[in-house]
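One-based numbering, in listed order, for ligands and for the atoms of each.
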Amino acid sequence: MDGRGLLKNKKRIVVKIGTSTITQERTGALNLSKLDKLALILTDLRNQGKEVVLVSSGAIGVGRKFLGLKTKPEEKALKQACAAVGQARLMSVYQKLFAEYNQSLAQVLMTKYTMLNDISRENAQSTFRELLNMHIIPVVNENDTVSTDEIEFGDNDTLSALVAALIHADLLILMSDIDGLYTDDPSKNPEASFISIVGKIDETICNMGKDTATGLGTGGMATKIAAARIATDSGADMVIVNGKDIHILEDVLEGKNVGTLFKAHKNENFDLMDYIATKQYPRDHFDRV
Ligand code: GLU
């Protein structure tokens, strides 16, 4: 058994969806039929008794589209204004689509500070617990409007892995615009071969993570491998799939051979707080904020 069959039994699932997956490639507008299918599939998972968390990007992209900006905003204040506009619009679309299936949602916006400060982190953890107990699907994003360089996660691949670790999820699914992990960048090297299962994230695997950021999203393969390290060390399997066809989510949970599966190997020495803190700051910096 390669571990695929076990994916059926997963109980607490975090699904991360990227901006390029939920928007139209040509216009940047929301892809409503795709979002509708997402709402249906996630509600069905809920109805099967699974606990589901959705980490959705798109705030900046949706805001930018609404405000009529032709190019990706570079300036911080403009990006944050786009996020403020876009997050509200994104949530209202999600609310409407999920309401059709009678599924309640909640919005959870986080910064790195939420994870590093003991009280904030525990509050976030108990909020997730309450929401999941009430069969609500939390919709998570970074709080881009207040994030600064010092306290931002920067990409939702990392954020979703941290959320998976925080809530002790047993599966994280990253939906983006790439099929999964290749030995090399397939757009540049025709010899590149696809990797279906990763048992251990070693140096060879890390070297395959050349960054291939998309036009709209933020995370490339390197951030996905970093996310896989957090998720698998904390005890969750992680699957990277191409969200072109949203039904691939069902394929993953039926144990079909799609995307790249990174198998969980709980590391007793893995300390979530140390991981986040040492990425940029010593932890006591945040205790003083
Ligand atoms: N938080 C950003 C947004 O909602 C997305 C970050 C990412 O693409 O990973 O626009």
Side-chain angles (χ1 to χ4, degrees), residues 14-25 27-31 34-35 38 53-95 105-115 124 138-164 172-178 209 211-231 238 240-244 276 279-280:
V14 177
V15 175
K16 180 259 170 177
I17 192 149
T19 307
S20 57
T21 305
I22 60 169
T23 52
Q24 309 278 358
E25 195 182 345
T27 62
L30 281 172
N31 186 330
K34 218 177 202 186
L35 288 177
L38 177 72
V53 173
L54 174 64
V55 177
S56 175
S57 303
I60 299 173
V62 170
R64 165 191 158 188
K65 172 76 188 161
F66 183 73
L67 296 170
L69 307 182
K70 297 264 176 295
T71 53
K72 215 171 172 173
E74 294 300 335
E75 194 219 334
K76 190 107 220 162
L78 185 56
K79 240 197 235 176
Q80 295 186 309
C82 285
V85 171
Q87 180 64 26
R89 297 191 71 79
L90 190 58
M91 273 316 286
S92 79
V93 171
Y94 277 132
Q95 297 272 24
L105 301 181
Q107 174 181 260
V108 180
L109 298 179
M110 302 171 72
T111 63
K112 196 190 251 185
Y113 178 69
T114 319
M115 296 298 278
V139 182
V140 184
N141 197 356
E142 175 150 16
N143 194 350
D144 296 305
T145 304
V146 301
S147 270
T148 60
D149 290 338
E150 294 78 37
I151 59 162
E152 76 177 1
F153 294 110
D155 68 86
N156 280 358
D157 295 330
T158 311
L159 174 62
S160 59
L162 293 172
V163 167
L172 167 63
I173 304 176
L174 297 187
M175 304 193 85
S176 75
D177 50 8
I178 41 180
D211 238 350
T212 47
T214 66
L216 287 167
T218 313
M221 190 43 87
T223 65
K224 289 179 178 51
I225 292 178
R229 199 181 272 275
I230 301 170
M238 187 185 105
I240 302 177
V241 284
N242 194 326
K244 205 165 50 200
I276 306 168
K279 268 200 94 177
Q280 267 176 18

Considering all heavy atoms, the nearest Ser56-Leu90 contact: OG-CD2, 3.9 Å
Option whose closest heavy atom lies nearest to atom 1 (N) of ligand 1, chosen from Thr19, Asp144, Asn143, Val140: Asp144
N-O pairing of Lys79 and Asp144 below 4.0 Å: no
Please determine if [X] has a nitrogen or oxygen closer than 3.5 Å to a nitrogen or oxygen of ligand 1.
X	result
Glu142	no
Asn156	yes
Gly61	no

Verdict with reasoning, Asn31 to Thr23, per side-chain hydrogen bond (donor to acceptor under 3.5 Å, both in side chains): CA-CA 5 Å; Asn31 186 330; Thr23 52; over 6 Å; no
Numbering as shown, the atoms of ligand 1 that approach [X] to under 4.0 Å (heavy-atom distance):
X	answer
Asp155	9 (O)
Gly58	3 (C), 4 (O), 10 (O)
Ser57	4 (O), 5 (C), 7 (C), 8 (O), 9 (O)

Contact check, side chains of Ser176 and Asn242, non-hydrogen atoms, under 4.5 Å: no
Any Val108 side-chain heavy atom under 4.5 Å of Val139 side chain: no
side-chain contact (heavy atoms from CB on, under 4.5 Å) partner of Lys65, chosen from Ile60, Thr27, Leu30, Val85: Thr27
Ligand 1 contact on Asn141 by region, counting heavy-atom pairs under 4.0 Å: side chain
Non-neighbouring partners of Ala81 that pass side-chain contact (heavy atoms from CB on, under 4.5 Å), sequence neighbours left out: none
Ligand 1 contact by Ala83, heavy-atom criterion under 4.0 angstrom: no
